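I have placed the structure first, in the form of structure tokens, so that the comments after it can refer back to it.
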Amino acid sequence: MAHYRRLTGAALIAALCLGTHSAQAQGFEVETGIDVFADPNTRIEGLHRLYVGHRVSPHFSFGQSIYSSALGDAGGAFFWGFEGVAHIPLSQRLSLGLSGFVGGGGGAAQVVGDGTMLRAGLSLDYRLSQAWDLQLTSSWIRIAGAPIDDPAFGLGLRYRFGGTDTAPGSTPEFDDLAAVAMQLLPASGVRARSGGRQGSVSLVGVRAQFDVNERTQLSFSAAGAARGAQGYMQIMGGARRTFAMNRLSFFVEGRAGFAGGGDVDTGAGMLVGASAGVSLQVSHRFDVELAFGGMTALDGDFRAGSVSLSLVRSFDRARAGGGGERWAFSTGLSAQTADASFYLNPVGRDDYVAMQETSLDYFVGRRIYLTGNAQTTVAGGVSGYALGLVGLGYEMPLGDRWSLSVEGLLGAAGGGGVNTAGGIVAGLRAEVDYRVGDAWRLSMGLGQLASVRSGGMSPTTVTLGVKIPFTTHR
């Protein structure tokens, strides 16, 4: 559960970056690869990198990245934050890439303290095609709270949506967005990292899906434990084949990604799975899906059957009917007060913790919206602490430039020695937005968060960030 929040955030960021379509769009790019530490001093021997960025100029992009354990025995170590990438052409096919990342996280009992991660990267890119580059990478990675302050080397791939074209409209839009509940049922004899029997795990998460053609879809999903393995999360990519029969359709799919935490033995973190299911169109906008399958860790003891139920919002059908969908993307920093009840062990702890957070709001009416929020720690001595929240909001204009939003939130939290009393948390928040320009707003918020069960944390929250309204599927 602890890492589901930052995973959900990554899924939402990917959905946003792949779904935004505006007149000012310069295109988006994705980079993925492996950083292998030259001389590892922890069980984290290598990190997988996934970067999604918006090209603000022909040679510079800015976005967010998630790093997860990929080599060693630290499945469950995740780090999420902001990254900028510049590419300097050297010839027709070669370019030099420079990147800088700042974020936070932790997990797998390998990081203590703040969990702040810094990465400076250098890559030599070879253009394979208009859209694809092969990357030879080197980097220096520093993680506060772990003996990681070392060089790393690896390989990567870069994909530019729209190829080298930076003209408006080169950004694809996602076709479906789903809320997913999943039950993992471990096979007999599966052991947790601590050696005990691995129990069942209940997951909640989100999935963005993209049509390749009429019968084939690609997906990006993120989920974390709501019960049974506090701190477990998984981030997966997949491919689906669909066979439609009017309002009913059947599908098979395969998935691969990274997972861990919550005492689940995923080894280095690599997870693969497959499933089959049925989807029923219940309205013009919504489908309900039921799927059965299984997944296994490639380098750990974990293997389990899976049952999932999904509520799917179809933007593909909505686009065929015309009109647009209103959204708002927010990102910034927040602080939570931390009294004695905030910690499982309050001795010597800080009075507050600092978080980075990202939200995605989807308007279902003129003023009412659904929201998803993901947070991970960047300071305060609680490495690995993270949250994932969903809720309902109401936006009220206060003038030409000012607006007020009120949100009710429910979700999961954990990690870092924070006393979430089982993991389920709820909150209320009010945000005041000031429109600075046509494309963005300054946002300030005040709220209260509390564990649903008694005896847990109850911090006051203060937020400061930027909010970017946008429209898709016009």
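Since this is a predicted model, take the numbers as computed values, not measurements. Residue indices begin at 1 and follow the sequence shown.
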Rounded to the nearest 0.5 Å, what separates atom [atom1] in [X] from atom [atom2] in [Y]?
{"X": "M236", "Y": "S219", "atom1": "CE", "atom2": "OG", "value": "9.0 Å"}
{"X": "R49", "Y": "F79", "atom1": "CZ", "atom2": "CZ", "value": "15.5 Å"}
{"X": "R158", "Y": "S123", "atom1": "CZ", "atom2": "OG", "value": "8.0 Å"}
{"X": "L449", "Y": "Q375", "atom1": "CG", "atom2": "CD", "value": "7.5 Å"}
{"X": "L370", "Y": "L360", "atom1": "CG", "atom2": "CG", "value": "10.5 Å"}
{"X": "L218", "Y": "D211", "atom1": "CG", "atom2": "CG", "value": "9.0 Å"}

Do [X] and [Y] have side chains that get closer than 4.5 Å, going by heavy atoms?
{"X": "I235", "Y": "I66", "answer": "yes"}
{"X": "E395", "Y": "F363", "answer": "yes"}
{"X": "V52", "Y": "Q64", "answer": "no"}
{"X": "V206", "Y": "V180", "answer": "no"}
{"X": "V466", "Y": "T331", "answer": "yes"}
{"X": "L98", "Y": "V85", "answer": "no"}
{"X": "D263", "Y": "Y232", "answer": "no"}
{"X": "L47", "Y": "I34", "answer": "no"}

If you apply the rule side-chain contact (heavy atoms from CB on, under 4.5 Å), what do you find for L464 with L333, and how did you get there? CA-CA 6 Å; L464 178 64; L333 298 174; 5.9 Å; no

Taking the side chain from [X] and the backbone from [Y], do they hold a donor-acceptor pair closer than 3.5 Å?
{"X": "T463", "Y": "G445", "value": "yes"}
{"X": "S383", "Y": "V111", "value": "yes"}
{"X": "R349", "Y": "G380", "value": "no"}
{"X": "T116", "Y": "V378", "value": "yes"}
{"X": "N419", "Y": "G455", "value": "yes"}
{"X": "S310", "Y": "V312", "value": "no"}
{"X": "S69", "Y": "A74", "value": "yes"}
{"X": "T266", "Y": "A259", "value": "yes"}
{"X": "T337", "Y": "T460", "value": "yes"}

State, to 0.1 Å, how close [X] and [Y] come at their nearest heavy-atom pair, and which atoms those are.
{"X": "R326", "Y": "G365", "value": "NH1-O, 3.8 Å"}
{"X": "A229", "Y": "V264", "value": "CB-CG2, 3.9 Å"}
{"X": "Q183", "Y": "S202", "value": "OE1-OG, 2.7 Å"}
{"X": "T377", "Y": "V382", "value": "CG2-O, 3.2 Å"}
{"X": "T376", "Y": "G105", "value": "OG1-CA, 3.9 Å"}
{"X": "D287", "Y": "Q281", "value": "OD1-CA, 3.2 Å"}

Testing the 3.5 Å rule here: is there a donor-acceptor pair between the side chains of [X] and [Y]?
{"X": "D133", "Y": "Q135", "value": "no"}
{"X": "R207", "Y": "S221", "value": "no"}
{"X": "Q209", "Y": "D175", "value": "no"}
{"X": "Q448", "Y": "S458", "value": "yes"}

For the pair F101 and Y67, evaluate ring pair (Phe, Tyr, Trp, His ring centres under 6.0 Å) and give the outcome as yes or no after the intermediate values. CA-CA 10 Å; F101 168 87; Y67 290 80; 4.8 Å; yes

Give a yes or no on this: more than 12 heavy atoms of other residues, nucleotides or ligands lie within 6.0 Å of atom CZ of R453.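 It does not: R453 CZ has 12 such atoms or fewer within range.
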
Within a radius of less than 6.0 Å around CG of L309, do more than 12 heavy atoms belonging to other residues, nucleotides or ligands occur?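 Yes, CG of L309 has more than 12 neighbouring heavy atoms, counting only those of other groups under 6.0 Å.
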
Going by side-chain hydrogen bond (donor to acceptor under 3.5 Å, both in side chains), name the residues that satisfy it together with [X], two or more places apart in sequence or in a different chain.
{"X": "S61", "answer": "E29, Y51"}
{"X": "S95", "answer": "none"}
{"X": "S341", "answer": "D339"}
{"X": "Q336", "answer": "Y385"}

Which is it for F342 and D350 under the side-chain contact (heavy atoms from CB on, under 4.5 Å) test, yes or no, and what are the steps along the way? CA-CA 10 Å; F342 187 82; D350 293 343; over 6 Å; no

Residues 398-409 side chain polar contacts: donor-acceptor under 3.5 Å, at least two apart:
from: R401; atom 1: NH1; to: R435; atom 2: O; distance (Å): 2.8
from: E407; atom 1: OE2; to: Y369; atom 2: OH; distance (Å): 2.8

Do E289 and R240 pass the salt bridge (Lys or Arg N to Asp or Glu O under 4.0 Å) test, and can you show the C-alpha distance, the side-chain angles, and the key distance before you say yes or no? CA-CA 13 Å; E289 293 181 357; R240 172 184 291 196; 2.9 Å; yes

Set out, in order, the CA-CA distance, both residues' side-chain angles and the distance that settles side-chain contact (heavy atoms from CB on, under 4.5 Å) for S334 and T461, then state yes or no. CA-CA 7 Å; S334 65; T461 63; 5.7 Å; no

Take V436 and Y434, measure what side-chain contact (heavy atoms from CB on, under 4.5 Å) needs, and give me the verdict at the end. CA-CA 6 Å; V436 178; Y434 176 74; 4.0 Å; yes

Report all side-chain donor-acceptor pairs from residues 140-149 shorter than 3.5 Å, counting only partners two or more places apart or in another chain.
from: W140; atom 1: NE1; to: D149; atom 2: OD1; distance (Å): 2.7

Describe, in one word, how the ring planes of F470 and W327 are oriented to each other, choosing from parallel (under 30°), tilted (30 to 60°) and perpendicular (over 60°).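 Taking W327 first and then F470, their aromatic rings lie parallel (interplane angle under 30°).
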
Under 4.0 Å between a side-chain nitrogen and a carboxylate oxygen: does that hold for E357 and R429?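 Looking at R429 together with E357, the answer is yes, because their closest N to O distance falls below 4.0 Å.
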
